[in-house]
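Every chain is numbered from 1, with letters handed out A, B, ... down the list of sequences.
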Amino acid sequence: GENVEQHPSTLSVQEGDSAVIKCTYSDSASNYFPWYKQELGKGPQLIIDIRSNVGEKKDQRIAVTLNKTAKHFSLHITETQPEDSAVYFCAASKNGGGADGLTFGKGTHLIIQP
Amino acid sequence: GAGVSQSPSNKVTEKGKDVELRCDPISGHTALYWYRQSLGQGLEFLIYFQGNSAPDKSGLPSDRFSAERTGGSVSTLTIQRTQQEDSAVYLCASSLTGYGYTFGSGTRLTVV
């Protein structure tokens, strides 16, 4: 089955700086890669996703890049703000999940220092 | 509803008791998923429902776990004879297309 590794487990950055979180996956058949943000006491919230037919996707301060050959994908957050502090999870799946669900990384605790 | 609703939000139960966790998906979402999140861990996929079709139960941790979905909407996850290792946050998600899940806030289960 799929295996997703996520690094780092904790990331502390100064407010206004950029943050990068990296994930690798094992199953070359995976073609859908979402990122979720989880705040304390809440469920994960989808913030951006990418499919394997594109290499990069941006949404305001957030971007995701995908390297299918190397089987890794990354989340980039620019101009970080205090409200970006949360746990971020990457995930991988074939065709949106379905019967196999999403395989998640173990999460990155992002801390924005004022 | 506006989002995925889960109840109860917190449940403390004694070891050996049965518990039922409920999930109300977003209206019209045909896909429904259950995940388990243990302390400091990622999310573990448990089971998936597409409409009223019979689910693949192979992801459930043990035969003490069961799930059903009635009328293609509300779902319940039942854990029989709870054990301390069942303590976790149980998350439900729904989706219209299978992409871009919306998660509920979860049920925090504590087995004492």
A:Thr103 OG1 to B:Leu43 CG distance, which is reported to the nearest 0.5 Å: 11.0 Å

B:Glu14, CD: over 12 other non-hydrogen atoms inside 6.0 angstrom: no

Examine B:Leu109 and B:Phe65 and state if one hydrophobic cluster contains both, with Ile, Leu, Val, Met, Phe, Trp and Tyr joined whenever side-chain heavy atoms are less than 4.5 Å apart. yes

At their closest point, which heavy atom of A:Leu102 faces which heavy atom of B:Tyr35, and how far apart are they? N-OH, 2.7 Å

Of the backbone (N, CA, C, O) and the side chain (C-beta and beyond), which part of A:Gln6 lies under 4.5 Å from a heavy atom of chain B, both, or neither? neither

Quick check: is B:Leu32 connected to B:Tyr99 through a chain of hydrophobic side chains (ILVMFWY, heavy atoms under 4.5 Å apart)? no

Flag the pair B:Phe45 / A:Phe104 as yes when their ring centroid distance falls below 6.0 Å, and as no otherwise. no

Quick check on B:Gln6 against chain A: is it the side chain, the backbone, both or neither that has a heavy atom closer than 4.5 Å? neither

Hey, any chance A:Tyr36 and A:Ile48 share a hydrophobic cluster, counting ILVMFWY side chains that come within less than 4.5 Å of each other, even indirectly? no

Side chain, backbone, both or neither of B:Phe49 within contact of chain A (heavy atoms, under 4.5 Å): neither

Decide whether A:Leu75 and A:Leu11 are clustered together by the hydrophobic rule: side chain heavy atoms of Ile, Leu, Val, Met, Phe, Trp, Tyr closer than 4.5 Å, transitively. yes

Looking at chain B, which one of A:Ala91, A:Ser9, A:Pro44, A:Gly107 has the largest number of heavy-atom pairs inside 4.5 Å, strictly under? A:Pro44

Part of B:Leu91 within contact of chain A (heavy atom distance under 4.5 Å): side chain

For A:Gln60, does the CD atom sit with more than 12 other heavy atoms under 6.0 Å from it, leaving out its own atoms? no

CZ on B:Phe103 to NZ on A:Lys42, rounded to 0.5 Å: 15.5 Å

Is there a path of hydrophobic side-chain contacts, each under 4.5 Å between heavy atoms of I/L/V/M/F/W/Y residues, joining A:Tyr25 to A:Trp35? yes

Are A:Gln45 and B:Tyr101 close enough that some pair of their side-chain heavy atoms sits under 4.5 Å apart? no

